[in-house]
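Have a look at the structure below, then the notes.
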Number of protein chains: 4
Amino acid sequence: MPTPRSLVDKFCPVRSKRERRKEARPGELLAAALDLFVEKGFAATRSEEVAARAGVSKGTLFLYFPSKEELFKAVIMENLGGRFTEWNAEFEAFEGTTAEMLRYCMNVWWERVGLTKASGLTKLMMSEGGNFPDLAEFYREQVVRPGHDLLRRILQRGIDRGEFAPVDIDHAIYSVIAPMVFLMLWKHSAMVCVDGESALDPEKFLATQAETVLYGLSVRPGDKA
Amino acid sequence: MPTPRSLVDKFCPVRSKRERRKEARPGELLAAALDLFVEKGFAATRSEEVAARAGVSKGTLFLYFPSKEELFKAVIMENLGGRFTEWNAEFEAFEGTTAEMLRYCMNVWWERVGLTKASGLTKLMMSEGGNFPDLAEFYREQVVRPGHDLLRRILQRGIDRGEFAPVDIDHAIYSVIAPMVFLMLWKHSAMVCVDGESALDPEKFLATQAETVLYGLSVRPGDKA
Amino acid sequence: MPTPRSLVDKFCPVRSKRERRKEARPGELLAAALDLFVEKGFAATRSEEVAARAGVSKGTLFLYFPSKEELFKAVIMENLGGRFTEWNAEFEAFEGTTAEMLRYCMNVWWERVGLTKASGLTKLMMSEGGNFPDLAEFYREQVVRPGHDLLRRILQRGIDRGEFAPVDIDHAIYSVIAPMVFLMLWKHSAMVCVDGESALDPEKFLATQAETVLYGLSVRPGDKA
Amino acid sequence: MPTPRSLVDKFCPVRSKRERRKEARPGELLAAALDLFVEKGFAATRSEEVAARAGVSKGTLFLYFPSKEELFKAVIMENLGGRFTEWNAEFEAFEGTTAEMLRYCMNVWWERVGLTKASGLTKLMMSEGGNFPDLAEFYREQVVRPGHDLLRRILQRGIDRGEFAPVDIDHAIYSVIAPMVFLMLWKHSAMVCVDGESALDPEKFLATQAETVLYGLSVRPGDKA
DNA sequence: TATGAATGAGATTTCATTCAT
DNA sequence: GATGAATGAAATCTCATTCAT
């Protein structure tokens with residue numbers, strides 16, 4: 001959902017070049033900002049550079065976003081925070097076993113976040129969150145909490161339906177999140193590789209971790225009810 | 001862990017208090033720098049604050065270390081890079097199965113690095129390395145490469161002695177490193193926890209991962225020689 | 001006092017609504033500008049805000065007034081500088097003693113300027129004039145000088161008719177102006193009041209000052225002709 | 001009281017050039033700041049210019065004062081707010097009639113504030129106070145309130161000793177302050193003078209106002225006790 | 001005529017580094 | 001060796017003014 005357009009706009013297809021650019025601006029700026037924030041971090045990214053990459057001047061950036069922090073928040077919402085309603089709905093409608101649901105969850109997460117630049121935002125918050133408490137709070141509220149809530153609902157479904165053992169859900173959530181967080185950090189760090197290509201296969205790693213988690217959640221004979 | 005002392009210090013214990021202080025300076029600075037770099041990151045740590053925490057003036061810091069980057073490199077050497085000779089020697093002398101050796105490796109790593117502030121340096125390099133290419137290069141050369149080499153020798157030993165299957169060593173290295181890196185990142189990121197306590201038990205996690213890796217390395221009947 | 005209208009407007013009352021609006025533009029802008037300049041000062045008033053308060057866009061403001069300074073000059077002319085022809089005529093036609101004339105002068109000044117927002121313009125020029133030499137010069141030429149000239153004529157009339165002692169006119173002018181200026185500054189300065197209500201009664205103050213001045217101008221026996 | 005010096009300093013008269021400069025710095029900066037703030041106003045004065053006039057670089061200014069606002073507050077304290085203890089003591093010790101005291105008060109005020117650049121600070125607060133609420137609040141607390149309190153004590157003394165009629169003190173305070181405020185504004189505005197020299201004699205004006213106020217405070221037969 | 005998106009010079013503030021003492 | 005005052009490049013954000021539509 002880039003820029004919301006009114007119904008009137010929808011039926012008036014004749015636009016000036018200027019109008020078209022204007023509507024595209026926020027999206028262009030958000031894209032440029034995502035690129036640069038992920039590439040260089042929040043503090044090290046200069047506002048002017050974001051503007052330049054979006055093809056506008058310094059001043060124009062501040063026409064659309066009142067400060068660098070607000071720009072960053074908008075980037076978070078665009079790429080992570082704002083998508084949870086959609087994702088939640090998708091999981092509400094899911095039919096199938098909860099084990100399948102969990103595997104699906106980790107897979108689509110990898111496709112939609114892990115593989116994309118959005119994964120860099122999590123790495124960024126882990127690095128710089130401490131230096132920008134407002135941003136950290138915002139990220140926790142808009143991304144971490146909804147993410148936890150979504151996972152909690154999945155795990156609860158499994159327990160309620162007798163598919164999973166009645167484990168400590170909060171603990172289990174971390175078992176699911178851990179490999180995802182790890183992959184995001186790994187992906188954005190050339191650091192751990194001596195020369196060139198990392199020898200870690202993310203999809204295989206994720207699948208292995210998923211099965212490990214599911215094994216831990218499995219109902220085994222002899223467990224006390 | 002107060003201030004790590006060099007080998008020289010270790011064997012020259014008789015000093016006047018004044019000489020002592022003087023000789024101790026760099027160590028105090030390195031300790032202060034480690035604390036602050038890990039706590040706030042490289043870019044966000046102010047030189048003056050490092051000096052202040054070490055109880056000296058800003059000028060003194062630059063007397064011992066010509067720049068903030070050199071200070072950081074010294075911190076890396078003191079805590080990670082400079083310890084590989086000792087660690088290598090320890091493993092050269094190791095007697096026992098290679099499986100035991102690998103388990104021991106992961107355990108002592110956890111004790112000597114994972115649990116200490118030094119683990120923050122890895123997280124730091126993964127976060128900020130991109131903005132400081134010189135530091136990244138230095139870290140790769142002084143920490144990542146020796147670490148890989150050490151693991152490579154262990155794995156090679158296992159294969160040479162017929163204890164491990166003849167796997168792709170470069171790939172296997174990452175299977176060992178991944179959980180260690182993961183723990184370092186996890187430990188230094190309050191970010192992913194919504195409220196308070198993380199629910200991960202590092203030692204158990206590490207042991208599980210070790211066994212998983214060893215299982216993958218195990219020689220099984222039917223493997224082709 | 002809604003929007004002051006020019007003499008032209010006064011005698012051409014039949015217009016279509018559209019024309020009306022168009023013609024009213026500059027007046028609306030001048031009114032908005034007066035409000036804001038007086039409220040926030042010249043430098044601190046943003047052009048866009050003036051336009052917004054007048055209900056037009058930023059661009060339109062610059063269509064009518066080529067710069068913020070020119071806008072301010074126009075505000076001065078509309079409210080002060082441009083009214084001297086009318087005021088001069090009124091005083092040319094005045095019949096009565098010159099003492100009455102002087103009292104009348106101070107009273108109508110209070111009604112038409114002192115009590116209105118226009119008084120804020122004088123305070124503003126005294127505050128910010130130093131930073132905007134062009135504006136200061138303009139104000140001196142269009143407001144201060146005509147004001148002085150008007151007073152000079154009144155005083156000269158009094159002396160010529162033998163009603164006033166033949167004092168130094170330039171000096172006497174300041175005796176008349178000082179209390180008026182004082183009231184304008186007082187009115188626009190919440191600064192000097194610790195809590196709430198100022199305890200000064202402007203009309204009484206002005207009347208007292210007028211009598212003091214008149215006493216100083218009075219012809220007393222024993223004065224040398 | 002420029003820069004407070006410790007006892008140790010007092011008896012170690014041998015100083016390096018650098019030390020001497022260092023001690024002089026805050027005073028030099030405050031003097032430069034007073035000059036420029038009075039000349040151009042708070043908003044229009046650039047920090048760098050203050051530094052330059054004090055003969056130091058931009059950065060040095062911020063070594064001594066953490067922000068432009070704090071610098072301004074320091075200027076206020078140095079020139080006005082910080083002097084009330086001294087002034088209060090002087091008036092506590094005053095011997096003589098309260099009428100003499102009030103005349104003395106207005107005269108020394110003129111000598112110590114009105115005639116000096118410090119008078120420009122009041123003009124400045126009246127002009128720009130509205131745009132800088134923090135500064136306005138500070139000024140009210142540190143200058144306006146102590147000033148009012150001092151005058152209140154003088155007036156109360158006169159009433160208590162039967163020298164003054166039992167008037168409304170808060171009202172009377174403004175009668176005393178008004179001409180002083182007026183003079184400060186008048187002095188700092190070339191605005192009201194057509195060409196060159198103002199024809200207003202401040203001392204005479206002040207003396208006249210003092211007598212007017214004293215007349216208003218005088219105990220007259222027929223006043224009800 | 002009217003719009004409002006775009007510009008960019010300019011202001012405050014930070015901090016690694018230097019160097020006189 | 002040790003100090004800490006001084007520097008100045010660099011970063012964020014504002015707003016009068018322009019100009020394509």
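Just so we're on the same page: letters track the sequence lines, and every chain starts at 1. All values below were derived from every heavy atom in this structure, side-chain atoms included, with hydrogens, water molecules and symmetry-related copies excluded. Predicted model, so just to flag it, every value in this text is computed and none were measured.
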Task: Test salt bridge (Lys or Arg N to Asp or Glu O under 4.0 Å) applied to E70(A) - qualifying residues, sequence neighbours left out - done: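 Applying salt bridge (Lys or Arg N to Asp or Glu O under 4.0 Å) to E70(A) gives K73(A).
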Could you list the donor-acceptor pairs under 3.5 angstrom formed by side chains in residues 39-47 of chain D, with sequence neighbours left out?
from: K40(D); atom 1: NZ; to: E49(D); atom 2: OE2; distance (Å): 3.0
from: T45(D); atom 1: OG1; to: L36(D); atom 2: O; distance (Å): 3.1
from: T45(D); atom 1: OG1; to: G41(D); atom 2: O; distance (Å): 2.6

Reported [atom1]-to-[atom2] distance for the pair [X] and [Y], which is rounded to 0.5 angstrom:
X: L135(C); Y: L121(C); atom1: CG; atom2: CG; answer: 11.0 Å
X: K123(B); Y: K123(A); atom1: NZ; atom2: NZ; answer: 10.0 Å
X: L124(B); Y: M126(B); atom1: CG; atom2: CE; answer: 11.5 Å
X: L30(C); Y: D35(C); atom1: CG; atom2: CG; answer: 11.0 Å
X: L34(D); Y: F72(D); atom1: CG; atom2: CZ; answer: 9.0 Å

TODO: Between F62(B) and L61(C), just flag the one whose closest nucleotide in DNA chain E comes earlier from the 5' side.
DONE: L61(C)
Open item on the list: Using every non-hydrogen atom in the two residues, find where M125(D) and I76(D) come nearest and quote the distance to one decimal.
Closed with: SD-CD1, 4.5 Å
- [ ] Search all heavy atoms of V75(D) against all heavy atoms of A33(D) and return the closest pair with its distance.
- [x]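 Looking at all heavy atoms of both residues, the closest pair is CG2-CB, 3.7 Å.
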Open item on the list: According to ring pair (Phe, Tyr, Trp, His ring centres under 6.0 Å), does anything in residues 47-71 of chain D pair up with another residue at least two apart or in another chain? List the pairs.
Closed with: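 Listed once each, the pairs would be none.
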- [ ] Using a 4.0 Å heavy-atom cut-off across all strands, classify F65(C) as base, sugar-phosphate, or nothing.
- [x]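 No contact.
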Open item on the list: Near DNA chain F, counting only heavy atoms under 4.0 Å, which residues of residues 67-77 of chain C show up?
Closed with: S67(C), K68(C)
Task: Within residues 34-52 of chain D: residues closer than 4.0 Å to DNA chain F (heavy atoms) - done: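 The stretch gives none, as no residue of it lies under 4.0 Å from the strand.
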Open item on the list: Both G59(C) and L63(B) contact DNA chain F. Taking the nearest nucleotide for each, which residue is further toward the 5' end?
Closed with: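 Per heavy-atom nearest nucleotide, the more 5' residue is L63(B).
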Task: Dot-bracket encoding per residue of DNA chain E, Watson-Crick/G-U cut-off under 3.5 Å, | denoting interstrand - done: .||||||||||||||||||||
Open item on the list: Just N and O in the side chain of T60(B): are any of them under 4.0 Å from OP1 or OP2 of dT3(F)?
Closed with: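 True: T60(B) side-chain N/O within range (under 4.0 Å) of dT3(F) OP1/OP2.
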TODO: Report yes if at least one side-chain N or O of Y64(B) is closer than 4.0 Å to OP1 or OP2 of dA2(F); otherwise report no.
DONE: yes
Open item on the list: Within the 4.5 Å heavy-atom criterion, are S57(B) and T60(B) side-chain neighbours or not?
Closed with: yes
Task: Base of dT17(E) paired with side chain of K58(B) (donor-acceptor, under 3.5 Å) - done: yes
- [ ] Give the rounded distance in Å between these two atoms: CG of L135(A) and P of dT12(F).
- [x]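 Those two atoms, CG and P, are 14 Å apart.
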Task: S57(D), nearest nucleotide to its side chain (from dT3(E), dT7(F), dT17(F)) - done: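 The answer is dT7(F).
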